[in-house]
A.B. asks: 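Here it is, the structure, as structure tokens.
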2 protein chains.
Amino acid sequence: MGDTLGSDSLLFLTDEQIRQGIEGMYFAYRGLTSEPDRILATLAYGRAHHRAIHFINRAPGTTVTNLLEILGVTKQSLNRVLRTLIEDGLVESRVGKIDKRERNLFLTEAGTALEARLSDAQRTRMRAAYREAGPEAVSGFRKVLEAMMDKELRQKYASLREANT
Amino acid sequence: MGDTLGSDSLLFLTDEQIRQGIEGMYFAYRGLTSEPDRILATLAYGRAHHRAIHFINRAPGTTVTNLLEILGVTKQSLNRVLRTLIEDGLVESRVGKIDKRERNLFLTEAGTALEARLSDAQRTRMRAAYREAGPEAVSGFRKVLEAMMDKELRQKYASLREANT
DNA sequence: TACATTAAGTCAGCCTTGTTGACACTCCAA
DNA sequence: TTGGAGTGTCAACAAGGCTGACTTAATGTA
């Protein structure tokens with residue numbers, strides 16, 4: 001990539017630089033969630049609801065088990081959140097066509113609307129950050145994020161999204 | 001930065017690309033906290049304890065009020081965590097020299113040891129991600145994170161750390 | 001066909017970590 | 001000397017994690 005030092009120069013990354021990266025993740029993550037959190041609070045929802053809404057929107061028709069794996073929480077924990085979303089008419093749970101034990105989850109119109117509202121807030125911030133940092137920085141940003149994830153989980157999510165196309 | 005399109009090309013960033021960035025933050029953040037979480041669980045501590053330990057280590061001698069601002073939680077919430085850390089001998093609270101109402105917070109030897117253990121886990125992962133992504137990506141990564149943060153909070157933290165030098 | 005397994009949901013109870021509100025104490029500065 | 005700031009604490013509550021145990025329905029298999 002035009003760097004004569006190559007990736008060996010990473011050996012010279014100081015402890016301090018690594019620590020700043022970790023702190024950066026903390027502060028940036030907070031920055032990214034603060035607006036949605038505010039919106040959710042007015043609706044008596046929390047971040048857990050947001051996560052469920054987000055992933056149901058991204059993989060419509062996904063099953064409860066899939067969602068559990070992606071979110072990494074227990075069935076009981078997810079169910080509490082899912083129940084309120086269904087009761088409030090934001091999420092619809094349809095009995096599976098092939099396997100009737102499964103439930104396929106979808107956002108209703110109202111659910112889609114809330115997803116858009118929450119997502120808009122985040123996308124606006126993200127877009128602003130991208131614009132400020134510049135196109136090359138964005139590509140680097142995404143590369144590092146990719147490398148930081150749990151590969152298994154990443155793969156699981158990718159195939160889940162492919163399946164629902 | 002050598003991009004003939006300039007930052008205007010960001011206008012062509014699709015919704016999907018922005019969404020992937022948001023999801024990337026979610027999965028990467030989880031990747032970064034999973035190991036520390038496991039360690040903390042064996043010690044009957046949580047992420048809140050980690051955050052306190054982290055920032056006391058980064059700004060030794062900081063006051064409770066400063067810590068409150070950085071963490072963005074209530075006094076009662078922080079105090080509960082701080083109390084257990086002090087009782088367990090990981091944090092020391094010294095009465096301020098200039099202003100005796102203030103408490104200056106420090107890690108004890110045991111506290112420093114735990115900080116190192118938690119931090120090692122995160123730094124190892126971070127370093128691996130940096131190495132995988134390459135030096136240019138790292139610089140971009142940091143730029144985007146910087147741009148995503150709350151500027152005020154970022155500034156507050158920076159000056160706090162300068163003060164404690 | 002009978003039985004084991006899987007998907008989903010539920011009940012009860014626990015913990016951490018966040019919140020409000022109220023209050024006391026110490027200390028500093030005007 | 002008095003008001004306000006920094007700290008600590010009590011009580012009560014809520015969200016959202018967790019474990020364990022159990023039901024129901026549907027599916028797959030011996």
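In what follows, chains carry the letters A, B, and so on, assigned in the order in which the sequence lines appear, proteins first and then strands, with residues in each chain numbered from 1.
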A.B. asks: Quick one: do B:D15 and B:R19 satisfy side chain to side chain contact (heavy atoms under 4.5 Å, CB included)? Show the steps, please.
C.D. replies: CA-CA 6 Å; B:D15 206 77; B:R19 281 179 188 268; 2.8 Å; yes

A.B. asks: Take the protein atom CG of B:L68 and the nucleotide atom P of D:dG6, then report the distance between them rounded to whole Å.
C.D. replies: 11 Å

A.B. asks: Name the residue from A:T63, A:L82, A:L85 that meets the side-chain contact (heavy atoms from CB on, under 4.5 Å) definition with A:L105.
C.D. replies: A:L82

A.B. asks: On DNA chain D, nearest-nucleotide positions of A:V73 versus B:E102: which is more 5'?
C.D. replies: B:E102

A.B. asks: Any chance the side chains of B:T84 and B:H49 put a donor and an acceptor closer than 3.5 Å?
C.D. replies: yes

A.B. asks: Pair up each side-chain donor or acceptor in residues 106-113 of chain A with any protein partner under 3.5 Å, not counting sequence neighbours, and list the distances.
C.D. replies:
residue: A:T108; atom: OG1; partner: A:G89; partner atom: O; Å: 2.6
residue: A:T108; atom: OG1; partner: A:L90; partner atom: O; Å: 3.2
residue: A:T108; atom: OG1; partner: A:A110; partner atom: N; Å: 3.4
residue: A:T108; atom: OG1; partner: A:G111; partner atom: N; Å: 3.1
residue: A:T112; atom: OG1; partner: A:T108; partner atom: O; Å: 2.8

A.B. asks: Summarise protein proximity over nucleotides 20-30 of chain D in one line of letters, 5' to 3': B for base, S for sugar-phosphate only, - for none, counting protein heavy atoms closer than 4.0 Å.
C.D. replies: BB----BS---

A.B. asks: Just how large is the angle between the end axes of the helix from C:dT1-D:dA30 to C:dA30-D:dT1, five pairs per end, to 10 degrees?
C.D. replies: 20°

A.B. asks: How many whole angstroms separate atom CG of A:L85 from atom C1' of D:dA15?
C.D. replies: 14 Å

A.B. asks: Could you give the start and end, 5' to 3', of the contact zone on DNA chain C for chain B, using atoms under 4.0 Å from its heavy atoms?
C.D. replies: C:dT17 to C:dC28

A.B. asks: Strictly by ring pair (Phe, Tyr, Trp, His ring centres under 6.0 Å), give each pair with a member in residues 55-89 of chain B just once, sequence neighbours left out.
C.D. replies: A:Y26-B:F55, A:F27-B:F55, B:F55-B:Y157

A.B. asks: Can you tell me how far C1' of D:dG17 sits from CG of A:N79, to the nearest Å?
C.D. replies: 14 Å

A.B. asks: My understanding is that only residues two or more places apart in sequence, or in another chain, count here; which of them pass side-chain contact (heavy atoms from CB on, under 4.5 Å) with A:R154?
C.D. replies: A:E146, A:M149, A:A158

A.B. asks: When you check the phosphate oxygens OP1 and OP2 of D:dC18, does a side-chain N or O of A:T74 lie under 4.0 Å from one of them?
C.D. replies: yes

A.B. asks: Rounded to whole Å, please give me the gap between CG in B:L82 and C1' in D:dT9.
C.D. replies: 13 Å

A.B. asks: Quick one: salt bridge (Lys or Arg N to Asp or Glu O under 4.0 Å) partners of A:K75, sequence neighbours excluded?
C.D. replies: none

A.B. asks: Please identify each residue that fulfils salt bridge (Lys or Arg N to Asp or Glu O under 4.0 Å) with B:D88, with sequence neighbours left out.
C.D. replies: none

A.B. asks: Could you list the residues that satisfy salt bridge (Lys or Arg N to Asp or Glu O under 4.0 Å) with A:E102, not counting sequence neighbours?
C.D. replies: none

A.B. asks: Taking only residues two or more places apart in sequence, or in another chain, which ones meet A:H50 in a ring-ring contact (aromatic ring centres under 6.0 Å, His included)?
C.D. replies: none

A.B. asks: Salt bridge or not for A:E132 and A:R125, using N-O below 4.0 Å?
C.D. replies: no

A.B. asks: For the pair B:E23 and A:R161, find out whether any cationic side-chain nitrogen is under 4.0 Å from an anionic carboxylate oxygen.
C.D. replies: no

A.B. asks: Can you list everything that forms a salt bridge (Lys or Arg N to Asp or Glu O under 4.0 Å) with A:R83? Sequence neighbours excluded, please.
C.D. replies: none

A.B. asks: Assign A:R80 to base, sugar-phosphate, or nothing according to its heavy-atom contacts below 4.0 angstrom with the strands shown.
C.D. replies: base

A.B. asks: Taking only heavy atoms on the protein side, list every residue of residues 32-54 of chain B lying under 4.0 Å from any atom of DNA chain D, sorted numerically.
C.D. replies: none

